[in-house]
Amino acid sequence: MKIAKSLLSRRTFAGLAGAAIIAVAMPVQSFAADVTIPIIVKDTTSFYWQIVLAGARKAGKDLGVNVPELGAQSESDINGQISILENAVAGKPAAVVIAPTEFKALGKPVDEAAKSVPVVGIDSAADSKSFVSFLTTDNTAGGRIAADGLAAAIKGMTGKEEGEVAIITSLPGVGSLDQRRQGFLDEVKSKYPGLKVVADKYADGQATTGLNIMTDLITANPKLVGVFASNLIMAQGVGQAIAENKLGDKIKVIGFDNDDKTVGFLKSGVLAGLVVQDPYRMGYDGIKTALAASKKEKVPANVDTGANLVTKANMSDPKIDALINPKVK
């Protein structure tokens, strides 16, 4: 198998990623409203979180709520998010919506915030019982969907649900990612005895690291037939490695979440599928739920916002098209 390890291409990829971070940083929004409900996401530069913010922005307009759009510029900036949460609460808003970056680290800060305002969690859990409501994808189910999609893609390629597979997780200790990983591993173990997990890797939240991990896996595991990249950033990096080495017909990859790059990879056959959430709904319903909680109305403790497997075969379906081509503006 010929492996292309182009240092220039990696540097170019990293440069593009850096440029994207600078280009898409989100400004704080303001509206002429008396009620303020900040939303704090993990990474304002990520397309996924921009969709969440778009949903929150629309809810603010529909409900007459001022929705400051807050967040760090990297999902690994845990201390940055804690400071943003503390500053947001100090402003005495009606409520706060937050997607915690890390399960353990955000537990006490969420507890402290909840002493002053209602706190609604979205996307990822924290080590806290103080959320008035928690809206998220069932990430364990999302991992199972990924395993089923990967097994089907491998069978379509080889005729059998057999072979060596790997999982790459963006960061350790993130509730949603840990749940996806466990769901994937559980589904493989219970339903696909012919699939052998030969690598279970953690990255540092950077697409270039995902690219490097995947390139190393290609070299170290010549019999590899499948990979689950458990979030958007890892899907970008893994997809880049597959594209550079022209291995889309030999290694099937299921990613999680979507942007123009990963949808392009899906169309060209670099990726076999994407597990897609409904981040717009998370943002919209997060603000709507927080407003209700601020008025002391009863709100559901938990809301499953859903997930779907997107493939080249179903990506033109109206329901799927709405998920992969959301209105961000």
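When reading the values below, keep in mind they use all heavy atoms of this one structure, side chains included, and skip hydrogens, waters and symmetry mates.
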Over all atoms of both residues, closest heavy-atom pair of [X] and [Y]:
X	Y	result
Gly210	Met234	CA-SD, 3.8 Å
Val117	Val96	CG2-CG2, 3.9 Å
Gly60	Val67	CA-CG2, 3.7 Å
Ala241	Thr215	CB-OG1, 3.8 Å
Pro100	Phe131	CG-CZ, 4.0 Å
Lys104	Asp127	NZ-OD2, 3.5 Å

Is the shortest side-chain heavy-atom distance between [X] and [Y] below 4.5 Å?
X	Y	result
Asp62	Tyr284	yes
Val299	Val120	no
Val119	Ser130	no
Lys288	Leu63	yes
Gln81	Leu85	no
Val253	Val270	no
Lys319	Asn308	yes
Ser74	Gln206	yes

Atom pair [atom1]/[atom2] of [X] and [Y] - distance to nearest 0.5 Å:
X	Y	atom1	atom2	result
Asp249	Lys246	CG	NZ	11.5 Å
Thr209	Ile233	OG1	CD1	10.5 Å
Gln73	Asp43	CD	CG	7.5 Å
Asp204	Ile213	CG	CD1	7.5 Å
Asp77	Ser83	CG	OG	8.0 Å
Ile82	Asn87	CD1	CG	12.0 Å

Could you work out, with salt bridge (Lys or Arg N to Asp or Glu O under 4.0 Å) as the rule, every residue matching [X], not counting sequence neighbours?
X	result
Asp123	Lys42
Asp200	Arg181
Lys115	Glu112

For the side chain of [X] and the backbone of [Y], is there at least one donor-acceptor N/O pair under 3.5 Å apart?
X	Y	answer
Ser133	Pro300	yes
Gln50	Thr45	yes
Arg57	Val328	yes
Asn314	Thr311	yes
Gln236	Ala207	no
Thr289	Gly286	no

So if you build clusters from Ile, Leu, Val, Met, Phe, Trp, Tyr with side-chain heavy-atom gaps below 4.5 Å, do [X] and [Y] land together?
X	Y	result
Ile168	Phe256	no
Met282	Leu232	yes
Ile218	Val227	yes
Leu211	Tyr202	no
Val188	Met157	yes

Exercise. Does anything in residues 274-283 pair up under side chain to side chain donor-acceptor pair (under 3.5 Å), and if so which pairs, sequence neighbours excluded?
Worked result: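 Passing the test, one end in residues 274-283: Tyr48-Gln277, Thr137-Gln277, Asp257-Gln277, Arg281-Asp285.
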Problem set entry | side chain to side chain donor-acceptor pair (under 3.5 Å) partners of residues 167-177, not counting sequence neighbours, each pair once |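 Qualifying pairs, neighbours excluded: Ser124-Ser176, Ser170-Asn231.
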Mind checking side-chain hydrogen bond (donor to acceptor under 3.5 Å, both in side chains) for [X] and listing every partner two or more places apart, or none if nothing turns up?
X	value
Asn79	none
Asp317	none
Asp304	none
Asp321	Asn325

Exercise. side-chain contact (heavy atoms from CB on, under 4.5 Å) between Val310 and Asn258: does it pass, once the steps are laid out?
Worked result: CA-CA 10 Å; Val310 180; Asn258 66 283; over 6 Å; no
For this session: Apply side-chain contact (heavy atoms from CB on, under 4.5 Å) to Val198 and Lys223, showing your working.
Result: CA-CA 10 Å; Val198 296; Lys223 295 182 180 179; over 6 Å; no
Problem set entry | Met214 vs Leu224, side-chain contact (heavy atoms from CB on, under 4.5 Å): CA-CA, chis, key distance, verdict | CA-CA 11 Å; Met214 187 63 226; Leu224 194 70; 3.8 Å; yes
For this session: Could you go through the side-chain contact (heavy atoms from CB on, under 4.5 Å) check for Ile287 and Val97 one step at a time?
Result: CA-CA 7 Å; Ile287 296 298; Val97 178; 3.9 Å; yes
Please tabulate, for the side chains in residues 143-156, all donor-acceptor contacts under 3.5 angstrom to protein atoms that are two or more places apart in sequence or on a different chain.
| residue | atom | partner | partner atom | Å |
| --- | --- | --- | --- | --- |
| Arg144 | NH1 | Glu187 | OE1 | 2.5 |
| Asp148 | OD1 | Lys191 | NZ | 3.4 |
| Asp148 | OD1 | Tyr192 | OH | 2.7 |

Exercise. Can you list every ring pair (Phe, Tyr, Trp, His ring centres under 6.0 Å) pair that touches residues 207-241, not counting sequence neighbours?
Worked result: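 Residue pairs passing ring pair (Phe, Tyr, Trp, His ring centres under 6.0 Å), neighbours aside: Phe184-Phe228.
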For this session: Tell me who clusters with Leu177, hydrophobic residues only, linked when side chains sit under 4.5 Å apart either directly or through other members.
Result: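 Under the 4.5 Å side-chain rule, Leu177 groups with Leu171, Val174.
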Exercise. Have Thr262 and Asp259 got a donor and an acceptor in their side chains that come within less than 3.5 Å?
Worked result: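 Present: a donor and an acceptor within the cut-off.
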